[in-house]
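One structure is given below, encoded as structure tokens.
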Amino acid sequence: MPDLEFTASVDFIRERVAEDVKVKKNGGRVHTRFPPEPNGYLHIGHAKSICLNFGVAAEFKGLCNLRFDDTNPSKETVEYEESIQRDVRWLGFDWDDRMYYASDYFGKLYEYAVQLIKDGNAYVDSLNADEIREYRGTLTEPGKNSPYRNRSVEENLNLFERMRAGGFEDGTHVLRAKIDMASPNINMRDPVIFRIMNVPHYRQGSKWVIYPMYDYAHPISDALENITHSLCTLEFEDHRPLYDWCLEKLPVPSRPVQIEFARLNLSYTVLSKRKLLTLVTEGTVNGWDDPRMPTLSGLRRRGYTPEAIRSFCESIGVAKRDAIVDVAQLEHAIRDDLNRRSQRVMAVLRPLRVVIENYPEGQGEELDAINNPEDASAGTRKVPFNRILYVEQDDFRENPPKQFFRLAPGREVRLRYAYFITCKEAIKDAAGKVVELRCMYDPATRGGDSPDGRSPKATLHWVSAAHALPAEARLYDRLFNEERPDNDSPINPNSLELVRSCQVEPSLKAAKPGDRFQFERIGYFCVDPDSKPGALVFNRTVTLRDTWAKIEKSLKK
RNA sequence: UGGGGCGUGGCCAAGUGGUAAGGCACAGGUCUUUGGAACCUGUAUUCGAAGGUUCGAAUCCUUCCGCCCCAGCCA
């Protein structure tokens with residue numbers, strides 16, 4: 001029986017699509033598209049749009065196209081295009097054979113423009129950019145008609161053809177839609193629809209020297225692909241009358257509708273393409289896939305899973321109000337996913353040597369460890385134990401504060417899957433730094449349980465010094481310290497911390513780039529592409545929730 | 001200022017005239033060989049504000065306030 005009490009509510013877009021399907025609009029067909037411009041890498045904000053577009057299509061048994069909005073050759077490259085394809089696929093979506101390019105419609109777009117001219121709906125303007133701006137008016141004052149606005153159809157046709165043929169300098173002429181220079185909507189004040197750019201296009205080469213503007217190319221591209229619902233972000237809301245105008249004036253094969261939703265904003269994160277580009281070009285970060293970047297490639301390298309990103313996108317909803325989602329919600333999504341599926345492993349980030357004085361020298365043994373307590377089918381593995389171990393420096397305090405349950409002089413703790421040990425003495429170097437712990441173990445507690453039922457308050461992770469593998473850990477923190485960073489915000493100087501002298505359990509020997517693990521008690525880590533056998537490199541995806549850190553923080557206040 | 005949108009707890013977000021879902025975060029607690037996970041409990045007499053309509057309003061009307069977007073030959 002379906003649980004009627006918990007019928008999930010749907011967002012306003014799905015509601016509207018459902019209504020259209022119900023009344024058999026477009027024959028009940030649903031067809032969306034994801035239309036990125038190949039001028040940068042996709043980020044988590046795009047993921048929201050991808051999940052929406054592909055998601056809506058799938059839910060209504062429809063289709064979603066991938067379409068490159070490549071109408072501005074000065075910014076677009078094949079590298080970006082390829083990264084976009086890779087990232088959409090990685091996120092888990094498939095466009096089958098429906099990959100399109102606005103640039104493939106340039107011919108059509110040109111013909112439609114000729115039609116517009118013939119119908120008296122477009123004209124060639126020869127004002128320069130500054131003049132056009134002046135003539136446009138302001139928010140409160142209407143614009144004025146260009147002196148070229150009433151050129152004859154013949155003259156317009158001739159000029160436009162010459163624009164296409166080449167020979168004109170950039171900016172000498174533009175094709176404008178003839179709408180209304182006094183419109184209160186500035187987008188309707190005779191918007192430019194074609195401009196001259198003597199720049200080769202990354203796919204079309206030098207075939208064109210005039211390129212269509214987004215506002216003109218987009219509705220027509222949608223119509224040519226028989227898109228039914230064209231979903232875009234809020235800032236295009238007042239472009240909608242222009243979107244509709246294009247479709248009304250031209251004999252296009254279908255009539256899509258544009259629906260706008262609020263783009264994603266994340267706290268402590270910047271999602272503007274311009275700023276992201278700057279971070280990359282100025283070398284503030286190490287490329288588009290720097291694990292601190294909110295790009296899909298960065299998140300991937302960081303260790304985020306597509307499932308977590310999709311689940312995050314589902315959790316934030318789709319609405320029209322401007323919102324800033326707490327980055328903690330994203331972190332929750334990845335923890336939730338990784339908790340269920342990741343292999344547990346013991347790794348010591350900052351090693352502190354421990355000598356078990358009463359453990360026989362030369363002796364060693366292997367202990368059973370559970371691979372994933374959330375998944376019995378993940379099985380167990382053997383972990384070597386020895387007289388000399390490493391534990392985490394943070395797990396020992398010479399003078400433990402209240403509520404610190406871990407190791408301290410005289411304190412007994414459990415070593416996970418191993419024995420209880422009691423600290424007898426802390427050895428210091430000349431500078432007074434604790435460099436070694438002398439401990440005693442209780443042989444009766446093998447595996448981690450005591451016959452007398454006593455149970456230490458703390459369980460520590462550890463590695464056998466003789467068996468552990470050296471590794472590097474890259475610990476990431478938020479890229480910005482400001483909750484709402486702007487274009488000038490400095491990055492968090494501690495956004496990357498390199499820890500080079502880690503010791504990890506030997507089962508990690510064969511770990512390959514992309515493999516994910518939970519380092520018990522520390523966090524989730526992902527093997528970096530820089531990693532090599534014998535020189536392992538792990539990226540920290542996200543920390544585990546850390547109750548002690550919270551207590552310690554409140555203690556300091 | 002002209003136009004277009006939006007205002008429900010700290011952050012998201014349901015709700016579409018019948019008496020405020022859910023998630024995140026936070027705070028307690030249970031359990032625990034990860035101070036993890038899981039589980040339980042708590043957190044809006046109130047929906048930007050003020051009027052009005054109605055037996056009854058977050059939902060309808062009026063006015064006001066606040067926030068976002070638009071003056072690229074970017075998308």
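Just so you know, these numbers come straight off a predicted model, no measurement behind them.
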Taking [X] first and then [Y], would you say they form a salt bridge - that is, a charged N and a carboxylate O separated by under 4.0 Å?
X      : Y      : result
A:D368 : A:K382 : yes
A:D442 : A:R454 : yes
A:R341 : A:D375 : no

Which part of the nucleic acid does [X] contact within heavy-atom distance under 4.0 Å: base, sugar-phosphate only, or nothing?
X      : answer
A:E374 : base
A:D170 : nothing
A:F68  : nothing
A:S455 : nothing

- Has A:W548 got its ring stacked on the base of B:G35, with centres under 5.5 Å and planes less than 30° apart? yes
Given [options], the nucleotide with the shortest approach to the side chain of [X]:
X      : options             : answer
A:F236 : B:A75, B:G36, B:A71 : B:A75
A:I316 : B:G35, B:G15, B:C12 : B:C12
A:P373 : B:C6, B:C73, B:G36  : B:G36
A:Q518 : B:A38, B:U34, B:A14 : B:U34
A:A323 : B:C12, B:G36, B:G5  : B:C12
A:D69  : B:C68, B:C73, B:A75 : B:A75

- Message: Would you call the rings of A:Y41 and A:W288 parallel, tilted or perpendicular, taking 30° and 60° as the class edges?
- Response: parallel
- When you check every protein heavy atom under 4.0 Å of nucleotides 23-32 of chain B, what one-letter string (B, S, -) results, 5' to 3'? BSSS------
- Item | Validation row, ring centre A:F160 to ring centre A:F194 under 6.0 Å | yes
- Query: With ring centroids as reference points, do A:Y80 and A:Y202 lie under 6.0 angstrom apart?
  - Reply: no
- Item | Charged tip of A:R164 within 45° of A:Y110 ring normal and under 6.0 Å | yes
- In terms of the nearest nucleotide of RNA chain B, which residue is placed more toward the 5' end: A:Y417 or A:Y214? A:Y417
- Task: Hey, which sits more toward the 5' end of RNA chain B by its nearest nucleotide, A:G317 or A:V192?
- Result: A:G317
- Give the rounded distance in Å between these two atoms: CG of A:D395 and C1' of B:G35. 10 Å
- Task: Round to a whole Å and report the spacing from CZ of A:F194 to C1' of B:G72.
- Result: 17 Å
- Message: Quick check on A:R263: does its CZ atom have over 12 non-hydrogen neighbours (other residues, nucleotides or ligands) under 6.0 Å away?
- Response: no
- Query: If you round to the nearest 0.5 Å, how far is CG of A:L247 from NE2 of A:H218?
  - Reply: 10.5 Å
Between the protein and nucleotides 1-3 of chain B, which nitrogen or oxygen pairs come in under 3.5 angstrom?
unit_1	atom_1	unit_2	atom_2	d
B:G2	N9	A:L139	O	3.2
B:G2	N2	A:P184	O	3.4
B:G2	N3	A:L139	O	3.2
B:G3	N2	A:D238	OD2	2.6

- Message: Looking only at side-chain N and O atoms, does A:S315 offer a donor or acceptor that is under 3.5 Å from a partner on A:Q329?
- Response: yes
- Would one find a side-chain N or O of A:R321 under 4.0 angstrom from OP1 or OP2 of B:U8? yes
